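Here is the naming used below: chain letters follow the sequence lines, and residue numbers restart at 1 for every chain. Nothing here was measured: the structure is a model prediction, and the numbers come from that model.
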Amino acid sequence: MLGALCGEPADNTGNPVTSADQTRPDVRLVTDAAALVEAVRELRSAPVIGLDCETTGLDPHGDRLRLIQLAARGCVCLVDCFRVRPCELARLFQGPGAPLIVAHNAKFDLQFLMAAGLPVPPRLFDTMLAAQILAAGTPEARQVSLADVAARYLGETVDKSEQTSDWSGELTAGQLEYAAHDAAILLRLYDALREELRTARLGNTAGLENRALPAVAWMEHTGIGFDAERWLELGLAAERRRDELARELTATAGAEDLFGNSTVNWASPEQVAEVLRRRGHEVTSTDEATLRSIQDREPLVPLILAYREASKRVGTYGERWAEHVHARTGRIHASWRQIGAASGRMACTRPNLQNLPRDPAYRSCFRPGAGRVFVKADYSQIELRIAAEIAKDRRMIEAFQRGEDLHTLTARLVLGREAVTPEDRQAAKALNFGLLYGMGVQRFRDYAELHYGVQLSLEEAAELRRAWFRTYPGVRRWHRAQPDGEAETRTLGGRKRIGVKSFTEKLNTPVQGTGADGLKAALALLWTTRDRCPSAVPVLVVHDEIVLECDVAEAEQAAVWLSECMRQGMAQFLRRVPVDVETKIIADYGGTPATVEPEPDLESAPF
DNA sequence: ACTGCTCGCGCG
DNA sequence: AAAGCGCGCGAGCAGT
Ligand SMILES: Nc1ccn([C@H]2C[C@H](O)[C@@H](COP(=O)(O)OP(=O)(O)OP(=O)(O)O)O2)c(=O)n1
Ligand SMILES: [Mg+2]
Ligand SMILES: [Mg+2]
């Protein structure tokens, strides 16, 4: 049955397959070492090769590679990994003149190659990333399955019914046919997407994404160590607090039925709003800003907010996290979306590791293995620096050249005093970025009151806000220079977002997106220079922050390496503004200090 | 039981 | 809630 695929294509019934495709390639099934050597010899001369892997499941740590499909122009090789060890493919992927490897969602295939001990091809083109880059800002950016992309750019329909079939048994003709087609279509897609990228002037962005891609696969494959026991303890404490607060809310509101049970579900915004309206507050929302505005007249408000905080911890940061611990590795392998936002930022799901509570009790549950540490590096004031460059604000540029800290300055401006705590500085971020991206005076005033306790009249708030814009007059000009109507924006790296509608989006997108460009350039550098720190692996990316895990002995080296990659990655986009990276060596993600013994200095050693 | 929506909120 | 932006997740709720 398998032999049929080596020559004439056949379907499951053994009948010849008819196809409209006149250029159907030669399909070859490789089931022994000699055939693999021969296949690699032939493929090695191809400049571009489509790669697709069929696996027994979606988990590179648990499931197995079954079939590796390699498509050159006019020739598809299917390597049956149950019959032949694919190590020989290292010769295809590596060395001078190695081919460009084209794959769809290559992060998936790369993780299986990594698990199999195969090298990561040095030159990659991911058709999914390309489609996301081209569609940034449109709903199509979220519909990027191979079938979607093939339909969009080739007008071809792809049958995915075999994708989820059983790949652990005897391979059927239908499966082999499907596998060959999937790989072959990648080459045509590559041609079409490369042309689209060229005409949209997005080639540089695609290059950047494809260079960052191995680091993202590396990070996902690595996962991160997690102390589930301590995490669950925090959940139980939050649960007790939540239930206590619910009882107190019910008692305070007098919302008990005959049995003393609550008639209100405090987790329902609708019911909370109804309670508040009955108590004389004309609210249409119950978010924190609304609740704060009635806090003076409503004793339930602090209880509701505390209840919400506890509920958040029980729900979003609760016991379900134990399900994310991988049975084999004992670590959490979140799913990283390399292009997760319309701006170009990454995103993270199942679970989202980019919005862990800042509370060290939670963050310290993420820990390196024994004898290892985390090295965490975060860009300083990054979007202010980028905005200074984009808006060409002389005052802001010069402030950065002098090494000033604008978050601290803004905290001082609003507080009216010199002394600023780390919390004050953290709060100033929302003010700086709020004003930078178009926040109005009303919201500015309420924020200042809530976080700094400074009560301002609307006129006083307006004056402070004007003072901020007087300090950075280039930012005000930049605001006024924004065009009306729908626009497309570009980052300093050339990344494009289309359909940008509102004034505030037009301000934010190129700045946030440039930050993503720089961070991805840093990831690309980390991958290509990883030999500088052999024990180091990436474990987290949090927008302008990268966390590595490495041996204690290599920590200092890793810190230098990481900060250099990050500086270089970002600095290429900033001509006038310096880039600063804050790097720390820590025993866990909560920031527990690491007691690091520096690497022995061999140069000056006595022997 | 599942899907799709809104609301609210965690993070950068 | 207000001209800050970008995400993902859980709960409630309505519809099936
Ligand atoms: N409320 C916020 C917080 C952050 N950001 C964006 C802009 C920041 O530059 C970027 C990174 O967040 P950080 O917390 O790292 O803030 P900074 O880099 O500005 O400051 P720091 O020097 O503390 O790193 O995320 C934002 O838009 N709005
Ligand atoms: Mg930062
Ligand atoms: Mg940060």
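When distances are taken from the side chain of A/R142 to each of C/dG8, C/dA1, C/dA3, the shortest belongs to C/dG8. Checking C/dG4, C/dA2, C/dC7 against the side-chain heavy atoms of A/A347 singles out C/dC7 as nearest. Here the side chain of A/A342 is nearest to one of C/dC7, C/dC5, C/dA2, namely C/dC7. Of the candidates C/dG4, C/dC13, C/dA2, the closest approach to any side-chain atom of A/S268 belongs to C/dC13.
The backbone N or O of A/A246 lies less than 3.5 Å from a partner atom in the side chain of A/T250, making a donor-acceptor pair.
The closest side-chain donor-acceptor pair between A/T408 and A/D405 falls under 3.5 angstrom. A donor-acceptor contact closer than 3.5 angstrom is absent between the side chains of A/D517 and A/T514.
The nearest heavy atom of DNA chain C to A/R350 and to A/F503 marks one nucleotide each, and the one closer to the 5' end goes with A/F503. Toward the 5' end of DNA chain C, the nearer of the two residues A/R320 and A/G438, judged by each one's closest nucleotide, is A/G438.
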Does the protein touch nucleotides 1-12 of chain B at the base, only the backbone, or not at all? Give it as B, S and - per nucleotide, heavy atoms under 4.0 Å. ------SBBBSB
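Across all strands shown, C/dG8 is found opposite B/dC9 as a Watson-Crick or G-U wobble partner, with both distances under 3.5 Å.
Note: CD (A/Q338) to C1' (C/dG6) measures 17 Å, nearest angstrom.
With both ends at atom P, the span from C/dG4 to C/dG8 equals 23 Å, rounded to whole Å. Rounded to whole Å, the P atom of C/dA1 lies 14 Å from the corresponding atom of B/dT6.
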